[in-house]
Amino acid sequence: MNGIIIGQFIPGDGFFYKVDPRSKIAGIFFLMIAVFLLKDIYQVLGALLLTFGLLIIGKISFIKVLKGLKPIFILLIFTFVFQILINRQGNILVDTNLNISLINIGLVIILFVIWRFLAKFKKFNFLLFLGFLFGSIFIFIYSSFSFDYNLTSFNLQIYEKGIEMSIFVVIRLLIIITLSTILTLTTKPTDLTQGLESLLSPLKKIGFNSEDFALIISISLRYIPTIFDEANKIMQAQASRGADFSEGKLKEKLKQVISLLIPMFIIAFMRSEELADAMESRNFVPGKARTRIHELNYSYRDVLVTAFTVVFFAVALLFRLNVLGY
Amino acid sequence: MSYIEVKGLDYSYTKNKKVLKNIDFSINKGDWVAVLGHNGSGKSTLAKAMVGLIEPSIGSIKIDGLELNQDTVYDIRRKIGIVFQNPDNQFVGVTVKDDIAFGMENLAVPREEMLKRIDFFAKKVQMEKYLDKEPSQLSGGQKQRVAIAGILAMQTDIIIFDEATSMLDPFSREDLMKYIKKLHEEGLTIIMITHDINEALLADKMLILKSGEVFAYDDSHSLMKDKDVFRNSYLELPVALEIANSLTEKKYDSVKEKLWEYVSMK
Ligand SMILES: Nc1ncnc2c1ncn2[C@@H]1O[C@H](COP(=O)(O)OP(=O)(O)OP(=O)(O)O)[C@@H](O)[C@H]1O
Ligand SMILES: [Mg+2]
């Protein structure tokens, strides 16, 4: 775990690296709202193209963005399937019966085992998953044996609108994730917090101290790797005394987790006390004016980003209000 | 009047165990005082009391004529910098640069000046190549150097080092000591908590703590002549001094023994 870095920031020198974090945060915030204002599949497709355009301008590789998609892949698939099943508008495209029977369930389980077995080789994971998905559907639709015991049957209907909506929703998600990836990929965590601090500073009037807020975030960021290191050390120390973290029954595992958590909590408490001492002794007084080593500076790039955001937002709004139409 | 005056100081973390007992001493402006004592003798606790992180149950601390209390603590902290024992838990910034800047930011030092001092002091502790590194990418000794640079950059009148160089390799320690010596000559008041007797010998005075009490406080040279002081407070005499003592007592066998011990330890 040594040297893990929080956030996805990757050093580089594309266009967006030199944009002030404030314009980036505000821009992406409004672009996301704008994306939710869009109404149909053509509009989101256009927006997707524009987003890819941003990637090209920023010299950000698609592969990195795709990697950012990995954790929410299941969510995407789920959204897609859910939308297809739930929407019942437009022409009907597929109308068929699914036979949920003992043999079919058995076949699907066999397919599942094969899928998980092949997945162990860690190749073509996505293709395997699709194979499993379509294989199961195929089994439910077409396999029926005369001697089989039929549990129930399910009427699968897919409508035109359903497909359209699911594509619409998935593209919208794609855009939003791509946008946020652009932000996190090209902005250092420190700049991100400072940008946020600066943007939230008007809230001081209602009693929200954005400076303290930013400090809390940046200290948390700073300590996450340390805490991981700590967990590692404790685990190694316990392993060297015979604890085995990889095996054992649930009860034993639970015991091990607790034996890890308790020292971690105690250490974290001690740490935070010492850290507070160190900050205080270096003249930190909450809420007092300080100078800053990081300076945020606007440049012509920020004007471009802001202009793009404003135009995009305005167009989306006009679409929404049916002022623009086709 | 002395620059730092500690009078009748008592402190206990838990009810029935006093960690500091009736501590009395004073330090003049520009002095270099080494604080010695066995583990748990109360050195770090004393240091914390002097910067107002803990409040003594009895007794007073005066610095530059100001009595340390709730109202004066912020002013007093502007005069004292302290480098703590554990380098991990005093790293506030996300990067080396941020961390060196932290104290100066709090003192509202203008940005241009901060940048200058960061460059200067990062070089002084040989960390100029690591300015953008995060603490998890640094070794213990490197973190200690950053902590030292952060305190030096605040340019306070007094600096307390709490075993602040324990993780440095001998060469960088010597380098740093040279620089600290120079600052001392320019008028910096130094309180250096250490287990390294050779480092302590750089100081003008030695304050020896034993079980929370001041066991001895005198200038280094006169203390060195009294070998019992060291033995009775569980401290080690410098080898050269032990040998010198044995020689004056004409115990040649023990000289031989000491020398063998010294060689085999190295
Ligand atoms: N936060 C705390 N809570 C309770 N007791 C403490 C705390 N910190 C220190 N002590 C106790 O106070 C005594 C003095 O500790 P202190 O850290 O001042 O010793 P030290 O002289 O700095 O030792 P070392 O050479 O190991 O750094 C010890 O007996 C220790 O157990
Ligand atoms: Mg200590």
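We name chains A, B, ... by the order of the sequence lines, and we start the count at 1 in each one.
When each of A:Arg271, A:Lys188, A:Met270 is scored by its heavy-atom pairs under 4.5 Å with chain B, the top score falls to A:Arg271. With respect to chain B, the highest number of heavy-atom pairs below 4.5 Å among A:Glu274, A:Lys288, A:His294 belongs to A:Glu274. For the set B:Gly81, B:Gly103, B:Gly150, the count of heavy-atom pairs under 4.5 angstrom toward chain A peaks at B:Gly103. Per-residue counts of heavy-atom pairs under 4.5 Å with chain A were compared for B:Val83, B:Val92, B:Val73; the largest is that of B:Val92. When each of A:Ile219, A:Leu275, A:Ile293 is checked for heavy-atom pairs under 4.5 Å with chain B, A:Ile293 comes out on top. Contact count against chain A (heavy-atom pairs under 4.5 Å) is highest for B:Leu107 among B:Leu107, B:Thr156, B:Ile82, B:Ile118.
Salt bridge status for B:Lys116 with B:Glu112: absent, with no side-chain N to carboxylate O gap under 4.0 Å. Salt-bridge check for B:Lys123 with B:Glu128: failed, with every basic side-chain N at 4.0 Å or more from each acidic carboxylate O.
For the pair A:Arg22 and A:Tyr298, the cation sits on the ring face: its NZ or CZ lies under 6.0 Å from the ring centre, inside 45° of the axis.
For a residue to count as touching a neighbouring chain, one of its non-hydrogen atoms must lie under 4.5 Å from one of that chain's; by this rule B:Asp75 does not touch chain A. Looking at B:Phe84, only its side chain comes within 4.5 Å of chain A, counting heavy atoms on both sides. Using a 4.5 Å cut-off between heavy atoms, A:Glu295 contacts chain B through both its backbone and its side chain.
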Requested in this report: Output, in order, the C-alpha distance, side-chain angles, deciding distance and verdict of side chain to side chain donor-acceptor pair (under 3.5 Å) for B:Ser44 and B:Gln85.
Outcome: CA-CA 8 Å; B:Ser44 299; B:Gln85 208 164 347; 3.0 Å; yes
Requested in this report: In sequence, state the C-alpha distance, the side-chain angles, and the governing distance for B:Thr45 and B:Tyr13, and then conclude on side chain to side chain donor-acceptor pair (under 3.5 Å).
Outcome: CA-CA 9 Å; B:Thr45 309; B:Tyr13 287 102; 3.2 Å; yes
Requested in this report: Begin from the C-alpha positions of B:Asn69 and B:Thr72 and carry the test side chain to side chain donor-acceptor pair (under 3.5 Å) through to its verdict.
Outcome: CA-CA 5 Å; B:Asn69 59 34; B:Thr72 58; 3.3 Å; yes
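Ring geometry for A:Phe313 against A:Phe30 counts as perpendicular: the plane angle is over 60°, on a 0 to 90° scale with 30° as the lower cut.
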